[in-house]
Amino acid sequence: MKFILCFIFMLISAKECDSKTAQKSTNTTSEVTALQSKKTSQIDTKITYQASTRGFFLKIWIEGDLIMVSKDNSLKSFETYPFPSEEKEAFLNLLSAIDKTELTALETPSTTFQHDAAAMAWLEISDEEGSYRTKVFDHGNPPESIQEIVEKIQSLKSMVEKP
């Protein structure tokens, strides 16, 4: 999995390098400042949302400036999309409002996933401090404290998948 992600990032980086050398532009102070601000606005945290049941699988993970979506439980096929810049600030605000250390202690509002009445889902937030994952909850009925970010992740998926 990490190998696939590294390979994708290498391809994207190589493509950007080729386009930069072809333009033959000089680095001015304003260009350097713009590049630095772009780098600081990048998401340094990996957010994963997964939902599955018999016959249904959905995994959405956000890492850096990319949103990756898979409906294949073997993760052999997935789509990669750029993170919409107009949505980034709102997403980062929602992410900063979450106390990730309390994710493991969140109580689920319902447990219909236990008898296949709903897909089971979970949310995981990973950063340099560690990885924090919720208990399994019903897809479509997350714990109240993470409901906004789960809905935002699903709306981002819908937004990037539109042709």
| query | Do Asp44 and Asp127 come within less than 4.5 Å of each other through their side chains, counting heavy atoms only? | reply | no
| query | Within a strict 4.5 Å, meaning less than it, do heavy atoms of the Val69 and Leu58 side chains meet? | reply | yes
| query | If you draw the axis of the six-membered ring of Phe83, does the NZ or CZ of Lys88 fall within 45° of it and under 6.0 Å from the ring centre? | reply | yes
| Minimum side-chain heavy-atom gap Leu156-Ile62 below 4.5 Å | yes
| Leu75 and Trp61, any side-chain heavy atoms less than 4.5 Å apart | yes
| note | Rounded to the nearest 0.5 angstrom, the CG-CD distance for Leu123 and Gln147 is 12.5 Å
| field | Side chains of Glu63 and Met68 in contact at under 4.5 Å (non-hydrogen atoms) | value | yes
| query | Side chains of Glu144 and Pro109: closer than 4.5 Å at any heavy-atom pair? | reply | no
| Sole candidate of Gln154, Lys59, Lys157 that passes side chain to side chain donor-acceptor pair (under 3.5 Å) when paired with Tyr49 | Gln154
| said: Is the shortest side-chain heavy-atom distance between Lys71 and Phe56 below 4.5 Å? | reply: no
| query | Pick one: which of Asp99, Ile98, Thr104 meets side chain to side chain contact (heavy atoms under 4.5 Å, CB included) with Glu102? | reply | Asp99
| task | Report yes if some heavy atom in the side chain of Thr108 is under 4.5 Å from a heavy atom in the side chain of Val136; otherwise report no. | result | no
